[in-house]
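Some notes on the structure that comes next.
Each residue takes its place number in the sequence, starting with 1.
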Amino acid sequence: PRRQKAVTPLLLLDLVAYSKNLSLWAQHAADLIVGGYFFAMRVCEFCSTERPGRTRKLTLGDIVFRDHESRVVDQTDPRLGEKAMFVTICFTDQKNGTKMERRSHKRTGEEILCPVKSWGSIVHRVRSQFRTKQDNMIPVCAYKDGHRAKEINSSQVLQLLRSSCKVHDGENRYGINESELGTRSIRSGAAMALAIQGSASDQKIMMLGRWKSTAFLHYIRPQVLEWAGDAAQQMSRTRSFLDVGKCHRGTETRSSPLTNSETGEEIPSFTLPLSQQQNGIGLEGRGSRLDLRSGPTSLATTRTTNTRQV
């Protein structure tokens with residue numbers, strides 16, 4: 001299947017503004033999308049899906065706010081939006097099998113794109129609509145349509161993403177056609193946002209998105225313009241290097257360190273285990289063979305006598 005394109009910060013800003021002119025569910029869904037984006041969430045973690053898996057939906061009890069001194073701020077505090085400096089989310093059970101995994105974010109200072117504000121808005125909206133003794137067990141995606149209790153589902157999330165993209169001429173504004181967006185676009189957007197900064201390591205991205213491997217690389221889209229960053233500048237400043245595949249092709253074999261004549265940098269000789277020999281063809285390709293000596297296997301090449309003239 002075609003990979004879904006990543007949401008961008010501009011797309012999210014437009015989506016929040018767009019939702020304010022729609023019904024309550026759309027405003028709630030917009031907050032969930034932005035909140036989920038900052039934690040690289042799977043859609044099944046913050047809304048209901050057609051085929052629920054092992055991942056458990058977040059409830060109010062999974063969200064914890066803290067002030068600038070790391071003290072817990074009660075969700076019912078009327079000054080929650082003012083006091084909260086950090087938000088921590090506990091993922092009690094998830095696709096990767098890890099339970100009770102927590103991630104935290106700090107207030108960004110932005111008016112819209114702020115995880116603390118988004119989750120504060122979500123919690124306030126849910127608590128103002130549902131008042132029971134089991135408040136902490138209420139899903140974060142719950143809302144009321146009149147007197148009926150409902151939950152935001154993945155279809156509504158997808159509908160909001162695509163309709164907002166279409167209204168804002170996504171192809172020209174973001175380089176994204178609405179049909180290229182999906183529910184995975186939120187998680188993908190989180191990985192892309194960190195990757196193009198350059199300062200975020202693979203480990204940091206894996207930690208945020210709770211990836212246990214480099215599977216997150218499938219979410220990175222190298223054709224994104226900003227991905228290039230200063231790669232060209234870095235490549236132009238790279239020190240010269242010696243291509244060992246074009247040196248020492250004579251009849252004599254050598255396994256001593258090779259010296260880079262331009263920088264004085266030593267390049268160590270290579271060794272190749274016997275198990276990796278492939279029909280006498282070494283790293284130098286056709287027309288060469290491995291010269292196996294006693295002791296450690298040296299990758300030395302000699303030209304065969306029947307080399308074809310090209």
Side-chain angles (χ1 to χ4, degrees), residues 3-22 26-43 45-47 81 84-87 89 103-122 140 152 156-202 204-211 216-231:
R3 286 195 300 172
Q4 299 169 6
K5 286 195 173 181
V7 298
T8 68
L10 180 58
L11 185 151
L12 294 176
L13 286 171
D14 289 342
L15 181 142
V16 172
Y18 173 67
S19 69
K20 294 187 182 299
N21 298 317
L22 303 176
Q27 297 171 38
H28 196 47
D31 283 333
L32 287 168
I33 290 170
V34 174
Y37 162 80
F38 279 104
F39 287 87
M41 287 188 190
R42 305 172 182 89
V43 70
E45 292 173 331
F46 64 81
C47 73
M85 182 60 66
F86 301 91
V87 59
I89 294 182
R103 293 292 181 270
S104 298
H105 267 307
K106 185 179 180 180
R107 184 187 290 267
T108 64
E110 299 290 333
E111 183 64 28
I112 304 298
L113 297 184
C114 175
V116 177
K117 286 189 175 182
S118 294
W119 285 103
S121 177
I122 291 166
V140 296
I152 301 295
Q156 289 173 301
V157 169
L158 180 59
Q159 177 187 342
L160 185 61
L161 281 170
R162 289 182 172 177
S163 59
S164 177
C165 183
K166 184 176 181 179
V167 166
H168 291 95
D169 189 20
E171 285 196 273
N172 290 315
R173 189 165 172 80
Y174 327 118
I176 302 174
N177 182 280
E178 67 268 18
S179 64
E180 296 174 309
L181 289 172
T183 53
R184 290 189 180 90
S185 296
I186 302 166
R187 189 162 163 83
S188 177
M192 273 301 313
L194 282 177
I196 64 177
Q197 297 303 316
S199 58
S201 64
D202 289 354
K204 186 172 184 179
I205 299 174
M206 288 169 62
M207 185 179 295
L208 173 68
R210 294 157 285 125
W211 281 285
F216 78 90
L217 291 173
H218 294 292
Y219 290 86
I220 305 300
R221 302 188 66 84
Q223 71 270 32
V224 172
L225 185 63
E226 288 76 10
W227 172 258
D230 59 353

Using only atom types and a distance under 3.5 Å, with no angle test, would you say the side chain of Ser121 pairs donor to acceptor with the backbone of Ser118? no
Practice item. State, yes or no, whether a side-chain contact exists between Tyr37 and Pro9 at a heavy-atom distance under 4.5 Å. Key: yes
- Query: Would a distance-only check, ignoring hydrogens and angles, find a side-chain to backbone donor-acceptor pair under 3.5 Å from Arg162 to Leu181?
  - Reply: yes
To the nearest 0.5 Å, atom CG of Asp169 lies from atom CD1 of Ile176 at 12.0 Å
Keeping Gln27 on the side-chain end and Leu22 on the backbone end, is there a donor-acceptor pair under 3.5 Å? yes
Report task. Evaluate the side-chain proximity of Leu113 to Phe38: yes if any heavy-atom separation is below 4.5 Å, no if none is. Result -> yes
With a 4.5 Å heavy-atom cut-off, do Lys106 and Val116 have their side chains touching? no
On a heavy-atom basis, the closest approach of Lys5 and Ser185 is O-OG, 2.5 Å
Is there a donor-acceptor pair under 3.5 Å between the side chain of Arg107 and the backbone N or O of Ala84? yes
Scanning both residues in full, the closest heavy-atom pair of Ala6 with Met192 reads CB-CG, 3.9 Å
dist His28:NE2 -> Ser19:OG (nearest 0.5 Å) comes out at 12.0 Å
- Message: So Leu160 and Leu15, do their side chains get closer than 4.5 Å, heavy atoms only?
- Response: yes
Applying side chain to side chain donor-acceptor pair (under 3.5 Å) to Thr108 and not counting sequence neighbours gives none
Practice problem: For the residue pair Ile89 and Arg103, establish whether any side-chain heavy-atom pair is separated by less than 4.5 Å. | Solution: no
- Query: In terms of the angle between their ring planes, are His168 and Tyr18 parallel, tilted or perpendicular, with boundaries placed at 30° and 60°?
  - Reply: perpendicular
Ser163 side chain vs Gln159 backbone, donor-acceptor pair below 3.5 Å
yes
Under 3.5 Å: donor-acceptor pair, side chain of Arg187, backbone of Ala40
yes
Checklist entry - Side chains of Leu11 and Leu161: closer than 4.5 Å at any heavy-atom pair? => result yes
dist Glu45:CD -> Leu32:CG (nearest 0.5 Å) comes out at 12.5 Å
Shortest non-hydrogen pair, Ser188 vs Gln4, comes out as OG-O, 4.3 Å
Shortest non-hydrogen pair, Ile186 vs Val157, comes out as CD1-CG1, 4.0 Å
Value for CD1 (Ile33) from CE (Met41), rounded to nearest 0.5 Å, stands at 12.5 Å
